[in-house]
Protein chains: 2
Amino acid sequence: MSILRYDDAMSLRIALLGLLSVSGPASGYDLTKKFETSINYVWQAGHSQIYPELAKMAADGLITVEPEGPRGRKIYTITREGTDELHRWLVERVPTDPVRSEGALQAFLLPLLSAPEALDVLSRLTAAAETRLADLRALRATKLALHESDQWKIGYYALDLGIRHALTTIDWARHTAAEIDPGSA
Amino acid sequence: MSILRYDDAMSLRIALLGLLSVSGPASGYDLTKKFETSINYVWQAGHSQIYPELAKMAADGLITVEPEGPRGRKIYTITREGTDELHRWLVERVPTDPVRSEGALQAFLLPLLSAPEALDVLSRLTAAAETRLADLRALRATKLALHESDQWKIGYYALDLGIRHALTTIDWARHTAAEIDPGSA
DNA sequence: TCCAGACATGTCACCTTTTACATGTCTGGC
DNA sequence: GCCAGACATGTAAAAGGTGACATGTCTGGA
């Protein structure tokens, strides 16, 4: 039993434990792929961050390594300790989530611009949100179609949350554009 | 005319330029306060990040320093170059906004928990969103009441966006709780 | 007069994240 | 047989961000 009280976030660790817990043993390469294609709408990391973190996690006993597959491939498996740690984080951790958004910063400073400029910025923000919305919906469609195990719901709720947030952003932009230039509504 | 193409975000710089542009000359201490009380719902920074950044910005000619007020106080004023830089960022910069949210990560991994545990996590996320909603609404009320200059709208749209996002999160949590345990709806 | 507390600036160590560099293996198609 | 491209792992420098430490000044109220 570790004495950690989650004063620090260690979200990368949790994300990796989560993926290993759901999909079973995997290599750093596999996990990097999953970061790109699945969990990336809640957390991101590249391989240069993932490989060293996996090494530390193995040293801490949260996962084990099966070295030397085909191409120097290393397979990581979550341990009982790792599973416990993950569970405890999910149940106990109070999320901090400081907002740090360039888009919101542009929204904040929008009144510094002329009306036409502001409308341009808003349509750019709308376009970005629409792209994101389309991406998330495509992902959800794929997820629903595949539907393999009983664990298919992993990521589903977060996907739904992301879709709702994108819709909200689009709505906000339309509303704000109408407020800035009633004619363009 | 600088040749920067905003490949890097430099949002802290922009936030500081924005505050200096709107409220006029200010000290690092003043700006730190404004980060705490006003812009903090779109970007955060402590004085240990702000002081060195102001020094760099002065070296880059974006602001000037009037040294030695009452208590070693230094007053920074935005220059023409700084104003231009700010304007160009607002008009040209395409926001990146990678999502990195502990709350969304918990949502992602929610199906790893039992129904009662998941409902607990959801009510914690709801409580956090409600607190944030209350904070943002209080801020908006203050803003609307004061209403001093014609520049009072700075931050207003971002505040609206934040409120909408908080409402969306609360809605999502209610919906998700009902999906996990139809009885608790 | 003293002193708590706001005012005010700064540094440093540490952690996380990004980007670039560096290297090597296996497979499928031409 | 070769070679492009996916597979696979790593390191390192730099930038961004957090938290603690360090120091000193001014003001209002007891």
Side-chain angles (χ1 to χ4, degrees), chain A residues 4-16 25-37 39-40 42-60 63 65-76 95-102 105, chain B residues 4-16 25-37 39-40 42-60 63 65-76 89 93 95-102 105:
Chain A
L4 291 175
R5 266 147 313 161
Y6 306 115
D7 296 337
D8 50 342
M10 53 179 201
S11 305
L12 176 56
R13 222 160 236 245
I14 296 303
L16 291 170
S27 70
Y29 187 85
D30 297 336
L31 292 166
T32 302
K33 280 290 192 63
K34 285 214 173 110
F35 259 86
E36 277 163 17
T37 60
I39 209 171
N40 76 89
V42 297
W43 205 268
Q44 29 264 300
H47 81 275
S48 67
Q49 209 184 345
I50 291 171
Y51 287 132
E53 186 64 27
L54 287 170
K56 276 186 233 157
M57 288 161 73
D60 291 349
I63 54 179
V65 203
E66 225 76 54
E68 301 319 305
R71 280 166 255 213
R73 187 178 163 86
K74 293 180 179 179
I75 303 296
Y76 294 95
T96 313
D97 287 358
V99 182
R100 204 170 253 123
S101 157
E102 284 180 42
L105 184 54
Chain B
L4 290 177
R5 266 148 312 161
Y6 308 115
D7 296 338
D8 50 342
M10 51 179 202
S11 306
L12 176 56
R13 224 161 233 244
I14 297 302
L16 290 169
S27 68
Y29 187 86
D30 297 337
L31 292 165
T32 302
K33 281 288 191 67
K34 284 214 173 111
F35 259 86
E36 278 162 19
T37 60
I39 209 171
N40 76 89
V42 298
W43 205 268
Q44 27 264 298
H47 81 275
S48 67
Q49 210 185 345
I50 290 170
Y51 288 133
E53 186 63 28
L54 287 169
K56 276 187 234 158
M57 288 162 73
D60 291 348
I63 55 179
V65 203
E66 226 76 55
E68 302 319 306
R71 282 166 255 209
R73 186 178 164 86
K74 293 179 178 179
I75 302 296
Y76 294 95
W89 184 89
R93 169 74 182 174
T96 313
D97 286 359
V99 182
R100 205 170 252 121
S101 157
E102 283 181 42
L105 184 53

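We name chains A, B, ... by the order of the sequence lines, and we start the count at 1 in each one. For the numbers below, each heavy atom of this structure counts, side chains included, while hydrogens, waters and symmetry mates do not. Since the structure is predicted, the reported quantities are computational estimates derived from the model, not experimental observations.
Between the side chain of A:Ser48 and the base of D:dG10, no donor-acceptor pair under 3.5 Å is found.
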- Message: Please encode protein proximity along nucleotides 3-9 of chain C as a string of B, S and -, counting only heavy-atom distances under 4.0 Å.
- Response: ---BBBB
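When all heavy atoms of B:Ile63 and B:Leu54 are compared, the closest pair comes out as CD1-O, 3.5 Å.
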- Message: For A:Phe35 and A:Asn40: C-alpha separation, side-chain torsions, deciding distance, then whether side chain to side chain contact (heavy atoms under 4.5 Å, CB included) applies.
- Response: CA-CA 5 Å; A:Phe35 259 86; A:Asn40 76 89; 5.7 Å; no
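In the set C:dT11, C:dT19, D:dG17, the nucleotide with an atom closest to the side chain of B:Pro52 is C:dT11.
The CD1-C1' distance, from A:Ile50 to C:dT16, rounds to 13 Å in whole Å. Taking atom CZ on A:Phe35 and atom C1' on C:dT18, their separation rounds to 15 Å, with Å as the unit. Computed from coordinates, the B:Lys56 NZ to D:dG17 C1' distance equals 11 Å when rounded to whole Å. Spacing between atom CD of B:Glu36 and atom P of D:dT18 amounts to 13 Å, rounded to whole angstrom units. Rounded to whole angstrom, the span from the CE atom of A:Met10 across to the P atom of D:dT18 amounts to 18 Å. Between A:Glu53 atom CD and C:dT18 atom P there is a gap of 14 Å when expressed in whole angstrom units. Look at CG on A:Leu54: it is 14 Å from P on C:dT16, rounded to the nearest Å. Going from atom CD of B:Gln49 over to atom P of C:dC12 covers 17 Å, rounded to whole Å.
Rounding to the nearest 0.5 Å places CZ of B:Arg13 at 13.5 Å from CH2 of B:Trp89.
In the displayed structure, A:Glu36 atom CD is contacted under 6.0 Å by more than 12 heavy atoms of other residues, nucleotides or ligands.
Residue B:Tyr51 is tested with B:His47, B:Glu53, B:Gln49 for a side chain to side chain contact (heavy atoms under 4.5 Å, CB included); the sole match is B:His47.
Contact of the A:Met57 side chain with the A:Leu12 side chain is not registered, since no non-hydrogen atoms from C-beta on lie closer than 4.5 Å.
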